[in-house]
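The structure under discussion appears below in the form of structure tokens.
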Amino acid sequence: MTSTSPTHSDSSGSSKHDGSQDNWEIVEGLRGVPASMQEPEKQGGFLLKRRKWPMKGWHKRYFLLEKGIMRYAKRESDISKGKLHGCIDVGLSVMSIKKKAMCIDLDTEDNIYHLKVKSPELFEEWVSKLRHHRLFRQNEISMYPHEKHLFHPHATSSPSLNESLRKVSLTPGQILWSCGITPQILTIPDKWSDYTHLVSFYPIQDSVDAPQSLVHQVSSESKGSESLTEFFDAQEYLLSSSSSENEVRHHLQDQLHLHVQNAINDQLIHSNVVPTQKVCSVVTLARRRSTLPSPCPANSVSLWNILRNNIGKDLSKVAMPVHLNEPLNTLQKLCEELEYSELLDTANQTQDPYQRMVYVATFAISSYASTYYRAGSKPFNPVLGETYECDRPDKGFRFIAEQVSHHPPVSACHADSKNFTFWQDVRWKNKFWGKSMEIVPMGTTRVTLPAFGDHYEWNKVTSCIHNILSGQRWIEHYGEMAIKNINSNVCQCKITFVKARTWSSTVNEIEGVVTDSDGKVVHSIFGKWNEAVFQGKPPSATCIWRANPMPVDQEQYYGFTQFAVELNELDLALRPLLPPSDTRFRPDQRLLEEGNVDGAEEQKQRIEQLQRERRKVLQDNNMTHQPRFFKKSKDDTWVSNNTYWEMRRDPGFSKMDFPVLW
């Protein structure tokens with residue numbers, strides 16, 4: 001390896017977590033003043049690279065490292081032919097190594113590359129070369145900052161997307177959309193150009209009404225490059241050139257209010273459980289809060305100081321300051337998955353088993369919609385024994401959750417309705433890779449539909465939060481979700497959450513198929529998990545589900561949906577009915593919601609200390625914690641013991657003993 005300038009003599013070291021080779025080491029970057037450096041020699045060879053979907057093994061790829069850019073392909077000859085699988089700008093990546101396992105990880109913000117070397121000698125050689133190339137590239141960027149953006153991850157030379165956009169001027173009535181690298185312009189007809197924004201913000205039909213036909217308008221040049229944003233619901237409301245925006249707005253709002261009122265009335269008439277309290281809850285529905293008491297505070301915490309010693313580690317055991325939290329916790333986040341529970345109501349009323357599977361699959365996809373605006377903060381971790389209930393007569397379900405284990409952290413939940421039963425126990429592994437945090441869920445989600453005796457099960461996909469340390473954080477979900485009905489082999493479903501590819505329009509896209517017992521495709525679905533799901537193929541595709549509009553000023557209130565805003569609300573009528581372990585009584589979370597960050601941090605530390613003291617008492621007495629409302633099943637999962645609502649009614653939680661959690 002060629003020696004570097006004395007200015008950089010101390011810049012190629014590593015930050016070790018401790019002296020053990022079992023831990024990850026962060027390879028430090030450029031220090032000091034940029035100076036002229038000799039170009040490093042090329043390095044090439046085969047490495048093992050983890051496949052795109054997490055936990056699915058490794059494959060061999062040829063890597064060529066040149067001037068701080070590492071290109072890779074299936075064969076060495078493919079690189080010279082331009083048949084690249086991808087590129088990594090080593091200088092802009094966070095690099096970490098694990099010597100004993102001979103692993104090298106590069107976090108580029110957009111992707112996390114997990115690499116493995118077969119022998120210790122090759123490992124040392126690659127690490128040495130990567131250090132040198134990384135410093136060379138960082139020095140180059142420091143001396144010529146404008147060149148930082150000239151690198152294109154999928155080509156040897158290409159202008160940046162921003163550079164392309166600067167050359168495009170749009171006139172009123174035109175929209176810009178992207179297919180691959182070249183932006184395209186579509187012109188909207190005059191009579192639509194002023195009103196298109198109303199379609200998504202003022203839908204008149206419920207998300208599970210009979211699917212509406214879609215009109216697909218696309219020029220002959222772009223027929224092979226269809227984008228979800230080119231669809232609109234033709235029957236939502238037919239706009240004319242003579243309609244004013246206020247007329248449209250008022251008409252759609254009136255239709256929406258009428259539809260909601262009819263849905264509530266229908267729920268009361270057909271509900272098989274209609275005690276007085278249920279009616280009262282519906283009466284007070286209009287008084288549900290529409291915003292949080294205080295906007296989210298400015299964040300002044302340095303994440304790097306907290307996370308730099310935890311590369312590759314499970315972050316569930318790392319204490320985080322309250323500044324990074326949102327005023328909801330994990331138990332309430334599980335309840336958020338039921339925001340679009342009406343999809344399960346519709347599934348339970350659908351005779352065709354293949355179409356039922358479409359609704360169940362769409363429900364599973366919709367559970368990710370609320371995460372789109374939430375990459376900037378994390379939920380509170382529940383303490384052991386913490387509970388949460390959500391009784392929603394307007395939606396026809398009631399939900400309970402409990403933190404049943406602390407190490408590892410496990411949250412269990414159960415919801416019942418006349419149309420479905422929903423339950424799951426979930427645990428997560430959160431790993432920080434230098435610029436991104438990967439969240440790998442474990443556990444199975446289950447739903448039963450009583451009308452048909454169906455029992456559906458599915459897995460969650462991997463989530464990744466990008467730009468953890470700087471820039472605008474954003475979240476993506478990727479992987480395969482398999483849904484099966486364990487009581488019938490008539491059909492199954494596979495959904496792919498597509499991993500975003502730089503310079504393409506695949507961000508947030510999903511695609512899936514429902515197949516029969518022979519594997520033949522019966523239905524196909526596509527869309528975006530944060531926007532809408534469609535069934536069929538363009539131009540005759542139908543809209544199955546569309547996400548609710550976001551509240552005004554949502555970016556000032558943690559990116560909460562209206563449903564999320566309501567989850568931590570505590571009114572005087574509800575207070576005496578809840579157990580003292582309910583999340584709504586948690587002082588640190590309540591103080592953060594009210595904007596008192598210092599008070600929230602103080603209470604958070606006190607609550608965590610109380611939990612440590614309770615755990616020590618259990619350990620000293622050789623005892624284990626016993627959850628109050630959940631039990632272990634035969635397959636080692638946590639299920640409801642069906643006592644919560646009975647205890648709530650008689651004798652009432654105020655007459656029962658609970659441990660002091662806060």
Side-chain angles (χ1 to χ4, degrees), residues 205-211 259-260 263-264 266-268 270-273 278 333-370 389-401 412-426 443-460 481-488 490-493 495 510 512 514 523 525 527 529 532-535 542-548 561 563-564 567 639-640:
Q205 89 278 359
D206 194 75
S207 58
V208 293
D209 284 353
H259 188 83
V260 170
I264 293 173
D266 180 72
Q267 177 64 39
L268 286 174
H270 295 93
S271 176
N272 56 6
V273 181
K278 294 280 183 180
K333 290 277 285 185
L334 292 178
C335 188
E336 272 198 88
E337 296 183 19
L338 290 166
E339 179 171 357
Y340 301 99
S341 61
E342 57 267 27
L343 288 161
L344 296 180
D345 295 334
T346 300
N348 194 52
Q349 299 160 11
T350 301
Q351 293 293 325
D352 183 88
Y354 303 104
Q355 191 62 39
R356 279 203 305 277
M357 180 65 85
V358 169
Y359 284 119
V360 171
T362 304
F363 168 78
I365 295 167
S366 74
S367 67
Y368 291 89
S370 66
E389 76 159 60
C390 184
D391 188 2
R392 293 296 296 252
D394 56 316
K395 288 182 170 290
F397 72 78
R398 54 186 188 179
F399 169 96
I400 63 166
C413 69
H414 179 97
D416 51 43
S417 157
K418 67 174 184 178
N419 286 317
F420 65 85
T421 301
F422 165 95
W423 73 100
Q424 61 180 329
D425 63 353
V426 185
T444 302
T445 304
R446 297 172 171 85
V447 163
T448 59
L449 303 179
F452 305 99
D454 291 345
H455 181 153
Y456 299 93
E457 293 185 349
W458 64 87
N459 63 288
K460 295 180 181 293
M481 176 185 288
I483 307 176
K484 60 182 179 180
N485 181 356
I486 65 172
N487 288 345
S488 170
V490 170
C491 62
Q492 50 276 323
C493 179
I495 303 165
I510 61 93
V514 175
H523 293 305
I525 60 176
W529 53 260
V533 172
F534 299 88
Q535 177 180 347
T542 56
C543 182
I544 300 297
W545 162 80
R546 191 184 298 281
N548 293 327
T561 64
F563 187 67
L567 289 176
V639 298
S640 171

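FYI, side chains are in, hydrogens and waters are out, and symmetry mates aren't considered; it's all heavy atoms of this structure.
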If you define the side chain from C-beta out and look only at heavy atoms, does anything of [X] sit under 4.5 Å from [Y]?
X    : Y    : result
N485 : F452 : no
L449 : Y456 : yes
R446 : T421 : no
N419 : F397 : no
N348 : Y359 : no
R392 : L338 : no
I495 : W458 : no
T350 : V358 : no

T445 and Q424: side chain donor to acceptor below 3.5 Å:
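There is such a pair between these side chains.
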Shortest non-hydrogen contact from [X] toward [Y]:
X    : Y    : answer
A364 : S367 : O-OG, 2.7 Å
K418 : P450 : O-CG, 3.5 Å
V490 : Y354 : CG1-OH, 3.6 Å
C335 : F563 : O-CE2, 3.6 Å
F422 : C413 : CE2-SG, 3.9 Å
Q351 : R356 : O-NH1, 2.8 Å

So how far is it from [X] [atom1] to [Y] [atom2], rounded to the nearest 0.5 Å?
X    : Y    : atom1 : atom2 : value
I483 : F363 : CD1   : CZ    : 10.0 Å
C390 : E336 : SG    : CD    : 10.5 Å
N548 : E339 : CG    : CD    : 5.0 Å
C491 : K484 : SG    : NZ    : 13.5 Å
Q535 : I544 : CD    : CD1   : 4.5 Å
H414 : E389 : NE2   : CD    : 13.5 Å

Sequence-distant partners of Y368, ring pair (Phe, Tyr, Trp, His ring centres under 6.0 Å), two or more places apart:
H477, F497
Evaluate the criterion side-chain contact (heavy atoms from CB on, under 4.5 Å) for residue pair S417 and L344; output intermediate values, then yes/no.
CA-CA 10 Å; S417 157; L344 296 180; over 6 Å; no
